Amino acid sequence: MYAGIDVSATRGFDVAVLDDDRRVALLAKARDLDAAGLIIRGLPPETVVAVDAPPAPSRGFAGAGKGYRVAEQELHRVGVSLYPVPSSTEASPAWMRAGFALYEVLEKAGFPPFLEGAARRGVSIEVYPHLTYRVLTGDARGRIPKLEWSRAALRRKVAGLTRDATQDALDAIAAAYTAWTFANDRWVGYGDPREGVIVAPRSDARDEAVPPGPDQLSLGIEATPRAATADETIPRQTPFAQRVMRYVARIPPGRVATYGDVARACGTPTGARAVGTLVARRSFEMPSHRLVDATGRPSPAYPGGPERQLERLAAEGIAIANGRVDLNLHRWREQT
DNA sequence: CGTCTGACTGCCC
DNA sequence: TGGGCAGCCAGAC
């Protein structure tokens with residue numbers, strides 16, 4: 001099961017649950033934390049719970065002492081802004097404090113916050129419905145009213161939407177859908193694993209529609225994607241880009257591949273450089289730290305610096321010698 | 001459509 | 001080893 005929770009200080013918690021067919025199985029409103037806890041404790045242990053709120057105050061890893069979270073910085077770079085999380089509970093707005101408390105309830109119920117590593121069930125994740133809508137529609141909202149925009153984004157992704165769903169309910173459903181992408185290998189994590197990541201659907205999840213059901217909402221409007229500019233990317237998907245992203249996504253933790261490996265695997269044997277340029281633009285959409293050059297060195301332009309890339313590799317158990325990884329030991333080639 | 005720009009590579013000292 | 005250099009290819013304008 002996949003649960004999504006929308007947090008509001010004054011309106012309480014909206015909870016949505018999707019089944020494996022992405023059908024809305026439950027849509028409930030919990031007035032307070034106790035009521036939410038009741039629902040949470042009823043969830044199967046292998047559920048992924050997505051929450052529209054940060055799990056804890058910022059640890060300030062980003063922005064040279066500015067105190068931002070890395071996730072906020074990274075999202076800003078792709079043109080998505082969100083409410084910055086203060087570094088202390090006291091300084092946080094009420095809805096955020098409600099969120100912190102909710103994560104505690106979740107942890108006690110067996111859904112500890114997901115920090116890093118491979119996606120797994122039985123965890124809670126942080127999501128941002130606005131970002132999910134944006135990935136799904138492929139564009140910023142523009143002049144479309146928020147409620148319509150949200151519905152259009154979810155329309156083909158989730159079965160069983162009701163006509164009268166409120167914005168809070170839609171946000172909870174968007175969160176639950178994002179939990180589904182997380183558990184089904186279609187997700188991206190923005191941020192630093194040490195302070196937690198914000199999970200969003202990968203942009204190629206856009207293509208996969210759920211089969212429409214009889215009670216499916218039909219809106220008659222579509223959010224029309226327009227060509228993205230360099231600054232507000234969520235870039236479009238070319239076949240080459242798709243192949244590269246899918247391939248990189250398959251590199252297991254603890255292994256690496258070279259740009260040339262990826263190019264060859266994607267049918268463009270001499271396109272290593274093109275792989276590099278692509279990855280540079282969308283590094284947050286794939287485990288790009290697992291890409292090294294043909295001599296085993298990290299990428300000079302890795303976000304946070306090449307040292308950061310090596311740290312991430314080391315965290316996966318890869319030995320680093322002389323600032324490079326031993327390809328004979330760690331190079332991954334497809335086929336078991 | 002040409003032109004330009006890279007998180008690349010292989011080859012030659 | 002390590003640096004210089006010329007190809008290379010997809011994407012952005």
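In the text below, chain A, chain B and the rest are named by the order of the sequence lines, each starting its count at 1. Keep in mind it's a predicted model, so treat the numbers as computed, not measured.
By the ring-ring contact (aromatic ring centres under 6.0 Å, His included) test, A:H130 is found to be paired with A:Y128, A:W149, residues two or more places apart in sequence or in another chain being considered. Taking A:R250 as the reference, A:E334 meet the side-chain hydrogen bond (donor to acceptor under 3.5 Å, both in side chains) condition, with sequence neighbours excluded. The side-chain hydrogen bond (donor to acceptor under 3.5 Å, both in side chains) check on A:R273 picks up nothing, with sequence neighbours excluded. With sequence neighbours excluded, the residues satisfying ring-ring contact (aromatic ring centres under 6.0 Å, His included) with A:Y247 are A:W332. Residues satisfying the side-chain hydrogen bond (donor to acceptor under 3.5 Å, both in side chains) criterion with A:S150, sequence neighbours excluded, are A:Q167. Every residue two or more places apart in sequence or in another chain was checked for a salt bridge (charged side-chain N to carboxylate O under 4.0 Å, His left out) with A:E307, and none qualifies.
Considering only side-chain N and O atoms, A:T277 lies nowhere under 4.0 angstrom from the phosphate OP1 or OP2 of B:dC8. Residue A:T258 places none of its side-chain N or O atoms closer than 4.0 Å to OP1 or OP2 of B:dC8.
Listed by first then second residue, pairs satisfying side-chain hydrogen bond (donor to acceptor under 3.5 Å, both in side chains) with a partner in residues 5-18 of chain A read A:R11-A:D168, A:D14-A:K29, not counting sequence neighbours.
Using a cutoff of 4.0 Å between basic side-chain nitrogens and carboxylate oxygens, A:D261 and A:R333 are not scored as salt-bridged.
For DNA chain B, the residues of residues 293-305 of chain A within the heavy-atom distance limit of 4.0 Å (strictly under) are A:D293, A:A294, A:S299, A:A301, A:Y302, A:P303, sorted by number. Residues from residues 307-319 of chain A that place a heavy atom under 4.0 Å from any atom of DNA chain C: there are none. DNA chain C is contacted by A:T268, A:T270, A:G271 of residues 262-271 of chain A, taking any non-hydrogen atom closer than 4.0 Å.
As a whole-Å value, the separation of A:N322 CG from C:dG2 C1' is 13 Å. Rounded to an integer number of Å, the gap from CZ of A:R281 to C1' of C:dC9 is 15 Å. A:Y259 places its OH atom 19 Å from the P atom of C:dC9, with the value rounded to the nearest Å.
Grouped by direct or indirect side-chain proximity (heavy atoms under 4.5 Å, Ile/Leu/Val/Met/Phe/Trp/Tyr only), A:L329 sits alone.
Donor-acceptor pairing under 3.5 Å, judged by distance alone, is present between the side chain of A:R273 and the base of C:dG7. Contact of A:S283 with B:dA7 (side chain to base): a donor-acceptor pair of N or O atoms is detected under 3.5 Å.
Under a cut-off of 6.0 angstrom, the local environment of CG in A:D32 is crowded, with over 12 non-hydrogen atoms contributed by other residues, nucleotides or ligands.
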Side-chain donor/acceptor pairs under 3.5 Å, residues 33-56 of chain A, sequence neighbours excluded:
| from | atom 1 | to | atom 2 | distance (Å) |
| --- | --- | --- | --- | --- |
| A:T47 | OG1 | A:P44 | O | 2.6 |

